[in-house]
Amino acid sequence: MTARRSTALPLLAALAAATALSGCGAVDRLAGIGQAPEMSRIEDPTRSAGYQPVTLPMPAPVVATRQANSLWQEGSRAFFKDQRASDIGDIITVVVTIDDSAAVDNSTSRSRANTDAAQLNGLFGYEGSLTSVFPEAVTGGNLLNLGSNTSNVGSGTVDRTEAVNLRVAGVITQKLPNGNMVVYGRQEVRVNFEVREVVVGGVIRAADITSSNTISYDQMAEARISYGGRGQITDVQQPRYGSQVLDVIMPF
């Protein structure tokens, strides 16, 4: 009984240490074995963890003037109500079409040769006594002779191609004093045991919104676009926690 208890205690201690290192993530993953990953609930984006209101430099506010004998209102683009997103809570479609490629090829070559020589042909008649201080092979004619060669060659190549085409409906979460709006959108699609997640966010101008209530990603200031996934396939592609820790702490 004592031997069995002494063997079980180290095992329990090891399991407790492993649980402490991995946190609740490993427990949640073990509890979800054989189940599809859960999808996030639809909620107020401003209450999400990590959400921060946007603060940017603002110009001096402009007071709109109204004319009693005119139906036109300053800032309007039509006499009738505009159906495009213009206030907090309105929905707008963000169009992301990225087709980028970059190729960089750099090479560097550097070489240097250096030779230094010093002679001591006469030293008050004592030049012949150098062999008593230095090795016998040293004479006044070859007292110092130094040479060095340095050669450095470096090369680097970058070849990158990216292509992303998607449309995400976002929500206006904030309206800035100068009329610009903050948009945030998130989309999740689950196929079998893999969840694809798309997140977009940024600052847009009302004038850049098209008549179909869409805006391109390249018209968004401080744009943040995330495209990824989570599930069984993503989990297999990621290195284990131990490998990630070793990659960080190993100096070689």
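Below, all heavy atoms of this structure are taken into account, side chains as well, without hydrogens, waters or symmetry copies. Since the structure is predicted, the reported quantities are computational estimates derived from the model, not experimental observations.
Counting heavy atoms from C-beta on, the side chains of Arg186 and Pro45 never come closer than 4.5 Å. You'll find the side chain of Tyr217 stays beyond 4.5 Å of the side chain of Val200, heavy atoms only. Inter-residue side-chain proximity for Arg167 and Val94 is flagged as unmet; no heavy-atom pair is nearer than 4.5 Å. In this structure the side chain of Val95 reaches within 4.5 angstrom of the side chain of Thr97, judged on heavy atoms. When side chains are defined from C-beta on, Val96 does not count as touching Asn165, because their heavy atoms never get closer than 4.5 Å. Ile233 has its side chain out of reach of Phe193: every pair of non-hydrogen atoms, C-beta onward, lies at least 4.5 Å apart. Counting heavy atoms from C-beta outward, Leu166 and Val198 have side chains that approach closer than 4.5 Å.
Residue Val168 comes nearest to Gly185 through the heavy atom pair CG1-C, 4.2 Å, listed as atom of the first residue, atom of the second, then distance. Counting all heavy atoms, side chain and backbone alike, Leu176 lies closest to Val54 at CD2-O, 3.9 Å.
Of the N and O atoms on the side chains of Ser48 and Tyr184, not one donor lies less than 3.5 Å from an acceptor on the other residue. In this structure, a donor-acceptor pair under 3.5 Å is present between the side chains of Arg196 and Gln187.
Under the 3.5 Å distance criterion, the side-chain polar atoms of Lys175 are left unmatched by any main-chain donor or acceptor of Val182. Looking at Asn213, its side chain does come within 3.5 Å of a backbone N or O of Ile91 through a donor-acceptor pair.
With respect to the salt-bridge test (charged N to carboxylate O, under 4.0 angstrom), the residues Arg240 and Asp235 qualify. Salt bridge status for Arg190 with Glu197: absent, with no side-chain N to carboxylate O gap under 4.0 Å.
A chain of hydrophobic side-chain contacts below 4.5 Å, direct or via other Ile, Leu, Val, Met, Phe, Trp or Tyr residues, connects Val164 to Ile225.
A distance of 10.5 Å separates OG1 of Thr93 from CD1 of Ile209, quoted to the nearest 0.5 Å. Rounded to the nearest 0.5 angstrom, Gln232 CD and Glu194 CD are separated by 8.0 Å. Interatomic distance, Arg224 CZ to Glu222 CD, rounded to the nearest 0.5 Å: 5.0 Å. Distance check, rounded to the nearest 0.5 Å: CZ of Arg112 to CG of Asn149 gives 10.0 Å. With values rounded to the nearest 0.5 angstrom, Ile204 atom CD1 is found 4.0 Å from Ile215 atom CD1. Atom CD1 of Ile92 sits about 9.5 Å away from atom CG of Asp208, to the nearest 0.5 Å.
For Arg47, the CZ atom is loosely surrounded, since the number of other residues' heavy atoms within 6.0 Å does not exceed 12. Crowding of Ile98 atom CD1: a count of heavy atoms from other residues, nucleotides or ligands under 6.0 Å exceeding 12.
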